[in-house]
4 protein chains.
Amino acid sequence: MTRETLRQVLNSTDRRSGRLFAFTIQFLILVSLVSFSLDTLPDLSDRTHEMLGVLEIVTVAIFTLEYGLRLAVAENKRKFIFSFYGLVDLLAILPFYVAAVDLRAIRIFRLLRLVRILKLFKYNQAVKRFNRALSLAKEELTLFGFVAAIMLYLSAVGIYYFEHAAQPDQFKSVFHSLWWAVTTLTTVGYGDAYPITAGGKVFTCVVLMVGLGIIAVPTGLLASALSQAREEETDETDE
Amino acid sequence: MTRETLRQVLNSTDRRSGRLFAFTIQFLILVSLVSFSLDTLPDLSDRTHEMLGVLEIVTVAIFTLEYGLRLAVAENKRKFIFSFYGLVDLLAILPFYVAAVDLRAIRIFRLLRLVRILKLFKYNQAVKRFNRALSLAKEELTLFGFVAAIMLYLSAVGIYYFEHAAQPDQFKSVFHSLWWAVTTLTTVGYGDAYPITAGGKVFTCVVLMVGLGIIAVPTGLLASALSQAREEETDETDE
Amino acid sequence: MTRETLRQVLNSTDRRSGRLFAFTIQFLILVSLVSFSLDTLPDLSDRTHEMLGVLEIVTVAIFTLEYGLRLAVAENKRKFIFSFYGLVDLLAILPFYVAAVDLRAIRIFRLLRLVRILKLFKYNQAVKRFNRALSLAKEELTLFGFVAAIMLYLSAVGIYYFEHAAQPDQFKSVFHSLWWAVTTLTTVGYGDAYPITAGGKVFTCVVLMVGLGIIAVPTGLLASALSQAREEETDETDE
Amino acid sequence: MTRETLRQVLNSTDRRSGRLFAFTIQFLILVSLVSFSLDTLPDLSDRTHEMLGVLEIVTVAIFTLEYGLRLAVAENKRKFIFSFYGLVDLLAILPFYVAAVDLRAIRIFRLLRLVRILKLFKYNQAVKRFNRALSLAKEELTLFGFVAAIMLYLSAVGIYYFEHAAQPDQFKSVFHSLWWAVTTLTTVGYGDAYPITAGGKVFTCVVLMVGLGIIAVPTGLLASALSQAREEETDETDE
């Protein structure tokens with residue numbers, strides 16, 4: 001197998017072997033994520049911990065091999081190491097070698113590998129359309145983002161003034177009130193903080209009536225921009 | 001009544017008798033579902049239980065008769081038995097005969113009959129349009145489904161890191177945190193699990209701002225694809 | 001003032017006096033609603049109760065006078081009495097005379113007058129457009145309504161099977177579970193009923209992922225049908 | 001520097017110096033807001049309070065200087081003082097001088113300065129499009145606003161009749177029930193007030209099924225009107 005062939009297997013999905021390789025790596029990323037998640041489960045038996053440990057060694061070994069191969073076939077080594085995916089791949093395996101001890105905080109870097117899954121969509125038509133939609137609606141999205149931020153801030157200040165005296169624990173400061181503002185205007189409404197004074201309730205009603213639209217419009221905007229992007233494509237094909 | 005006539009009554013809604021038969025069966029399915037639901041009510045009197053039992057025998061008897069007739073008129077008996085609706089009909093009546101004892105777990109198969117209600121929409125224009133919309137927005141829906149899954153997973157991992165120490169019961173593992181991620185990003189927000197640390201709250205705000213759009217866009221996409229599908233139809237009619 | 005003039009004042013808003021009359025009645029309906037609501041406030045002083053009582057007598061008197069006038073100018077008395085708005089007006093004042101005693105339950109009929117406010121929109125362009133949008137999206141809305149009902153029912157049955165044993169109080173029967181299904185799939189999520197078993201939580205996640213779109217799509221459908229209706233109008237004007 | 005140059009620096013962003021000045025002021029507004037929010041945090045050390053006090057004096061001094069300059073270069077002084085932004089600027093600095101004592105309630109006027117951030121969007125294309133969208137969908141938005149208000153009111157009255165007897169504290173009066181109606185129909189669902197009677201629950205389900213669309217449609221309307229406004233622009237450019 002020549003170096004050129006190896007490079008094609010590693011980087012393109014034109015050949016059968018390339019596709020097989022890409023899917024294997026993506027499958028291993030998923031395995032690695034599942035094992036990472038399983039590891040956080042409490043009350044796991046020692047056996048299971050051991051098996052997850054072995055699984056980790058195997059996946060990291062394969063990812064290391066892959067990194068080594070990519071580095072070997074790269075024409076410009078330095079460029080590959082400092083490329084976006086090069087860094088992602090390195091950061092995803094490095095913690096295993098650096099920390100002989102099992103440091104959870106460092107193992108989170110493995111999640112970086114998730115980014116690679118996005119590679120699947122690199123040549124995807126939907127991503128192009130999505131980018132086109134974003135650029136179509138860019139100005140409105142910026143405007144609404146801005147207005148939404150001001151809205152959230154003013155809601156937080158308002159509720160702070162109405163509720164601080166009655167519920168000093170829930171509405172300690174403007175920052176604590178901002179938590180209420182976000183969970184309310186996104187309509188999550190956990191129920192850990194809500195107004196109890198008449199003024200606070202009336203204020204909340206007004207804020208919801210006005211603010212809900214402002215928070216929800218960007219979603220609708222994106223959706224209609226996406227359908228516009230799709231129509232444009234159809235027009236181009238027709239011509 | 002010839003066999004051909006019987007087949008038409010059973011399978012098509014072109015004739016009056018066919019429509020009447022179809023509506024009777026659909027009505028009996030509804031009766032059967034209501035009686036199934038009533039049966040789960042606690043504190044029912046013995047009288048009511050008895051009546052529901054009788055009602056069940058009657059509906060199952062009719063469904064059995066229907067199944068027998070359909071089998072009788074089918075040209076290819078084997079093909080009918082193993083067809084989708086043939087299996088659905090069989091599974092819906094079988095539990096009653098198999099289990100002389102009253103096994104709730106088995107009776108749930110009766111719900112399968114609900115599938116038959118969908119038959120009503122077989123020749124419906126709206127279903128065609130819906131399929132057309134799905135195929136129009138297929139790529140975007142796949143992309144957003146993928147991104148939403150990654151989003152949910154990363155949110156769960158993030159909140160696990162922020163909240164695990166403070167609330168080991170609510171955020172036991174990444175899987176437990178995934179429950180929080182789903183109820184939060186769909187804006188259900190039951191209030192059984194929510195961040196209490198400052199870091200967790202800030203993280204939630206960021207996740208909501210970014211993730212809400214990602215979760216909500218597919219709905220808007222489907223709606224606009226449906227309206228595009230409708231426009232296409234109008235254009236065809238115009239030509 | 002001839003009978004014809006009176007009829008015009010009462011029924012049309014072409015003249016200044018007609019508009020003035022219509023707005024007075026609408027204003028009185030609002031006054032009547034506010035006084036009705038105020039009356040439900042606990043801890044009201046006797047003075048206030050008395051004043052609200054007087055206000056009620058005055059508004060009912062005016063509404064009675066209006067009803068009398070409308071009856072007087074009607075060409076076909078019987079037709080007016082049994083017309084939609086004739087019955088609404090009668091039902092709104094009748095309880096006051098029938099029940100010498102203060103019966104709250106009967107006074108709720110006064111709310112019927114709210115229907116008259118809708119009259120304002122009788123000749124409104126937006127209402128026409130809304131009707132057009134409804135007829136454009138009628139088939140899809142019916143289909144989605146149907147599918148949403150089945151979805152809600154199956155969710156309720158499913159959660160009943162998962163949670164009944166663990167939380168017999170919250171998920172007593174399929175009907176009680178239906179309450180959970182509605183508050184969850186509309187994303188209200190009060191937090192009075194939510195799954196606690198692993199099976200129930202996984203089931204909820206699946207239901208939310210699939211069901212949310214189904215419940216939310218009709219709203220988007222209506223919005224896009226409304227914009228299509230608006231475009232149609234513009235096209236007609238252009239031609 | 002002539003007076004004319006100064007006026008241009010203060011009021012337009014055509015020159016580099018004008019842009020720099022505008023951004024400095026906007027940055028100071030943000031600083032002022034953050035310091036205002038920080039000040040509400042409990043358990044701040046005296047040192048921090050002191051520093052925030054100094055920061056306040058500095059920002060108010062700069063805003064005063066800015067106001068003085070704007071007044072000085074204004075051709076019609078009276079017109080500037082009573083203009084919208086003139087009043088906003090004055091109200092934002094006045095409380096500091098009037099109240100030698102630290103009155104929180106008065107300091108809230110500083111938030112008025114936020115309005116000035118909106119100036120950034122004065123010549124923005126997105127704002128024009130937004131206004132165009134509002135005027136396109138004006139009639140529908142008014143109609144839906146009206147219907148939504150009636151919907152909320154009727155929901156409140158309905159739940160009051162169903163739940164008042166069972167939960168006199170949560171559903172004290174129609175006004176208290178209105179709080180429930182708003183938090184439910186916007187799907188926030190804090191969980192501080194929810195029906196517990198069978199009648200109340202059935203009523204809530206009906207209200208949610210009907211009302212959700214009514215509350216949510218305006219958002220979709222705005223989004224599709226915005227995309228229509230964008231299309232109109234493209235058409236104009238094409239011609």
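Each chain gets a letter, A, B and so on, in the order the sequences are listed, and its residues count up from 1.
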Chi angles and distances behind the side-chain contact (heavy atoms from CB on, under 4.5 Å) call for A/Met209, D/Val182: CA-CA 9 Å; A/Met209 287 295 137; D/Val182 170; 4.2 Å; yes
Could you walk me through whether D/Leu38 and A/Phe175 pass the side-chain contact (heavy atoms from CB on, under 4.5 Å) check? CA-CA 8 Å; D/Leu38 282 173; A/Phe175 297 102; 3.8 Å; yes
Show the numbers, then the answer: is there a side-chain contact (heavy atoms from CB on, under 4.5 Å) between A/Asp192 and D/Tyr190? CA-CA 8 Å; A/Asp192 58 336; D/Tyr190 287 124; over 6 Å; no
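- For A/Ser173 (side chain) and D/Thr40 (main-chain N/O), no donor-acceptor pair under 3.5 Å exists by modelled atom type.
- Heavy-atom minimum distance, A/Leu136 versus D/Arg129: O-NH1, 4.4 Å.
- Neither the backbone nor the side chain of A/Leu178 comes within contact range of chain D; no heavy atom of the residue lies under 4.5 Å from a heavy atom of that chain.
- Of the listed residues (A/Pro195, A/Ala156, A/Ala193), the greatest number of heavy-atom pairs within a distance under 4.5 Å of chain D belongs to A/Pro195.
- When every heavy atom of A/Thr184 is checked against every heavy atom of D/Val188, the shortest pair comes out as O-CG2, 3.6 Å.
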Given A/Tyr160 and D/Ser37, is the side-chain contact (heavy atoms from CB on, under 4.5 Å) satisfied, shown in steps? CA-CA 10 Å; A/Tyr160 173 75; D/Ser37 306; over 6 Å; no
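- Across every non-hydrogen atom of D/Leu33 and A/Tyr153, the tightest pair is O-OH, 3.1 Å.
- Contact check for A/Val202 versus D/Trp179: no side-chain heavy atoms found under the 4.5 Å cut-off.
- At a cut-off of 3.5 Å, with distance as the only test, no side-chain donor of A/Tyr194 or D/Thr183 sits close to an acceptor on the other residue.
- More than 12 non-hydrogen atoms from other residues, nucleotides or ligands lie less than 6.0 angstrom from CG of A/Asn76.
- For chain A, the nearby part of D/Leu152 is the side chain; its heavy atoms alone come within less than 4.5 Å.
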